[in-house]
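One-based numbering along the sequence shown. This one's a predicted model, so the numbers in the text were calculated from it and none came from an experiment.
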Amino acid sequence: MSETTVYEMVRRGVLPQPIKLSSGCVRWCWADVQMALGSLSGCKTSDAVDPFLMGARNATATQ
């Protein structure tokens, strides 16, 4: 998704406002973004599986 699309979704209230760390540097609380996007699709965020996070958990898991 493009940066313009993200900010349009923020403007419309679909996504939460970002946290401004400095000029040109913003971040979002990922849990808030997941809840916002999950509410669009009608699924519960606890039911959704994020393949990136699953990969990160697998990469950091101790064997």
Side-chain angles (χ1 to χ4, degrees):
M1 165 179 325
S2 72
E3 184 177 340
T4 304
T5 302
V6 170
Y7 281 108
E8 178 63 21
M9 291 176 82
V10 169
R11 186 187 72 75
R12 291 182 182 191
V14 175
L15 292 176
Q17 290 288 325
I19 300 163
K20 186 174 183 177
L21 299 178
S22 67
S23 162
C25 182
V26 296
R27 297 292 183 260
W28 279 262
C29 173
W30 189 243
D32 292 346
V33 172
Q34 284 182 309
M35 284 190 340
L37 295 177
S39 69
L40 293 177
S41 66
C43 73
K44 295 180 183 175
T45 55
S46 60
D47 296 337
V49 175
D50 184 337
F52 176 78
L53 290 177
M54 291 297 293
R57 285 186 195 113
N58 289 340
T60 59
T62 57
Q63 299 286 327

Show me the side-chain donor-acceptor pairs of residues 12-27 shorter than 3.5 Å, one per line, residues at least two apart or across chains.
from	atom 1	to	atom 2	distance (Å)
R12	NE	E8	OE2	2.8
R12	NH2	E8	OE2	3.4

Evaluate the side-chain proximity of V33 to M9: yes if any heavy-atom separation is below 4.5 Å, no if none is.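 Not in contact.
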Can you name the side-chain contact (heavy atoms from CB on, under 4.5 Å) partners of T4, sequence neighbours left out?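 side-chain contact (heavy atoms from CB on, under 4.5 Å) check on T4 returns S2.
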